2 protein chains.
Amino acid sequence: MPIELRPLARKLGAFAVLSDDELAVLEAVSRRLRVFPPGQDVIHQGQERRSAYVLASGWTSSYKLLPDGRRQIVDFQIPGDFLGLRSLLFRTSDHNIMPVTRIEASEVSIQDLVGGFNRAPRLAAAVLWAASRDEAMVVEHLVGVGRRGPRERLAHFFLELHARLRLVGFATATSFDCPLSQYHLADALGLTAIHVNRVLRGFREADLMRFQKGKAEFLDPAELVRLADFDMAYLDQEEPLLSGAL
Amino acid sequence: MPIELRPLARKLGAFAVLSDDELAVLEAVSRRLRVFPPGQDVIHQGQERRSAYVLASGWTSSYKLLPDGRRQIVDFQIPGDFLGLRSLLFRTSDHNIMPVTRIEASEVSIQDLVGGFNRAPRLAAAVLWAASRDEAMVVEHLVGVGRRGPRERLAHFFLELHARLRLVGFATATSFDCPLSQYHLADALGLTAIHVNRVLRGFREADLMRFQKGKAEFLDPAELVRLADFDMAYLDQEEPLLSGAL
DNA sequence: CGTTAATTTGAATTCTCTCAAACTTCGTGG
DNA sequence: CCACGAAGTTTGAGAGAATTCAAATTAACG
């Protein structure tokens with residue numbers, strides 16, 4: 001299996017135990033590996049001709065812009081995540097995707113994807129599961145921004161990211177590398193960067209967690225989970241649901 | 001076509017012109033019509049045995065609860081909308097659905113749905129479109145709660161609801177019946193009911209819109225659209241995308 | 001007609017934001 | 001290797017907005 005598919009295969013593995021055949025189909029579906037520099041949109045709001053990608057390395061953000069420049073980041077994507085899967089069915093993309101770091105991404109066409117589903121139907125269920133999981137995360141972000149205080153929100157954010165990164169092998173038990181700026185956090189959480197900074201200082205001073213120099217470290221994970229009321233059921237990654245036939 | 005399917009067929013019609021055959025399949029998929037009283041969960045967070053429904057009449061809300069009782073409403077469903085479609089693929093439902101009014105809903109099993117897709121593949125694309133549209137709405141709500149002020153948020157909310165209701169024939173050009181309380185609005189928009197009340201008074205005094213006695217009326221729709229920066233592209237309902245073959 | 005739910009208003013408080021500015025880090029080019 | 005500039009982080013002070021608390025009024029329902 002090419003290196004860039006491992007995170008995706010690993011993630012889908014949380015939903016279904018995939019056979020070698022299915023893995024081969026997965027590999028065939030995403031062919032061209034493209035590279036994008038940070039800061040330049042991969043997918044652009046209103047764009048007609050869409051493709052989807054599987055992120056192979058690096059991080060991206062999906063976001064929407066208001067006319068006065070305010071930005072709401074909907075989610076961040078990490079290796080193994082789809083980019084622009086939802087917009088495949090829409091007339092035009094309703095959101096933007098911008099690399100946070102330099103990224104590598106495999107292009108997948110709608111034709112290849114549907115073709116792959118015919119050859120390996122369980123793959124379709126797995127991809128649909130991944131899409132449902134993405135939506136569940138958006139819902140959880142809405143809950144955070146709508147009804148959680150800034151401290152809870154930040155704590156929840158880091159815990160979710162950690163769980164996701166662990167699943168694809170990019171985190172230790174209590175830490176992970178994170179290329180996001182405090183502006184990124186602010187725009188994802190509906191806060192100002194200044195306030196994010198103050199909350200992070202609070203976490204540091206309370207020995208809860210540290211977020212510095214591109215690294216996030218949990219010092220008191222249990223207390224963080226309690227504070228955030230973090231229940232990762234919505235990530236649905238406890239064990240493969242489909243172990244045998246569909 | 002049974003009366004309870006008309007809104008769904010009408011909604012899907014915004015995506016694809018459906019043949020009589022496809023409409024028949026649609027009808028066959030949703031069989032048992034069930035009635036639920038207001039205030040009692042139809043689908044409950046953590047629930048294992050899930051079914052999905054098509055809402056035939058009445059309104060529901062999908063929401064999540066925090067342990068201390070705070071509530072975030074993710075969306076409201078109106079006739080023609082699916083209830084719990086996403087959670088069909090998940091181990092357990094990650095959210096609740098509660099009727100706002102007395103509702104009638106047709107139960108659809110995962111088996112019937114998949115069976116229907118085999119007989120009418122374009123229906124699968126249409127249902128996927130509906131699911132994508134739901135997700136796009138959640139994203140837009142996130143943008144509102146995260147980055148729009150209360151006035152913009154409220155205005156946007158009513159405009160979205162109006163566009164959705166028009167599509168299924170439940171609104172005039174400038175008004176619609178709305179069974180929501182100000183508590184509902186507050187929990188959907190991340191505000192307090194008290195503040196919602198004050199903003200609504202502002203709208204009334206500025207002759208922008210009225211929301212009273214179960215009815216929403218737009219007095220100055222153009223100004224409201226400007227205020228909310230409402231662009232309904234994300235609802236993707238301008239014209240059928242699929243008019244001929246897939 | 002009486003009881004409960006929903007709406008409306010007021011006053012005070014508490015957060016979070018805005019504005020301003022210093023400090024740090026990091027990459028680039030001299 | 002150092003200087004410089006840009007981006008990101010950190011801190012302070014003041015303003016403003018939405019919340020909380022309290023209570024009156026109105027509407028809805030049996």
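Residue numbers begin at 1 in each chain, while the letters A, B, ... track the order of the sequences. Since we're looking at a predicted model, the values are computed, not measured.
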*Count the heavy atoms belonging to other residues, nucleotides or ligands that lie under 6.0 Å from CZ of Arg151(B), then report whether that count exceeds 12.*
no

Residues of residues 176-184 of chain A with a heavy atom under 4.0 Å from any atom of DNA chain D, listed by number, are Ser181(A), Gln182(A), Tyr183(A)

Discussion item. Whether Glu104(A) and Arg34(A) form a salt bridge (side-chain N of Lys/Arg under 4.0 Å from carboxylate O of Asp/Glu) is what I want to check.
Written reply: no

From CG of Leu185(B) across to P of dT8(C) the rounded distance in Å is 11 Å

Exactly one candidate in Arg164(B), Arg86(B), Arg133(B), Lys64(B) meets salt bridge (Lys or Arg N to Asp or Glu O under 4.0 Å) with Asp75(B); the answer is Arg164(B)

Between Arg70(B) and Asp187(B), does any side-chain N to carboxylate O distance fall below 4.0 Å?
no

The side-chain contact (heavy atoms from CB on, under 4.5 Å) partner of Leu185(B) among Asn197(B), Val196(B), Val199(B) is Val196(B)

With a 4.0 Å cutoff (strictly under), does any side-chain N or O of Thr192(B) reach OP1 or OP2 of dT19(D)? yes

- Checking all strands, does His195(A) fall into the base, sugar-phosphate, or nothing category for heavy-atom contacts under 4.0 angstrom? sugar-phosphate

Open item on the list: Could you walk me through whether Phe203(B) and Phe218(B) satisfy the ring-ring contact (aromatic ring centres under 6.0 Å, His included) test, starting with their C-alpha distance in whole Å, then the side-chain angles of each, then the deciding distance to 0.1 Å, before giving a yes or no?
Closed with: CA-CA 10 Å; Phe203(B) 284 175; Phe218(B) 299 134; 9.9 Å; no

Describe, in one word, how the ring planes of Phe211(A) and Phe158(A) are oriented to each other, choosing from parallel (under 30°), tilted (30 to 60°) and perpendicular (over 60°).
-> tilted

Between CZ of Arg148(A) and P of dC15(C) the distance, given in whole Å, is 19 Å

Within residues 197-216 of chain B, the residues having a heavy atom closer than 4.0 Å to DNA chain D are Arg198(B)

Separation of dG14(D) atom C1' from Ile194(A) atom CD1, nearest Å, is 13 Å

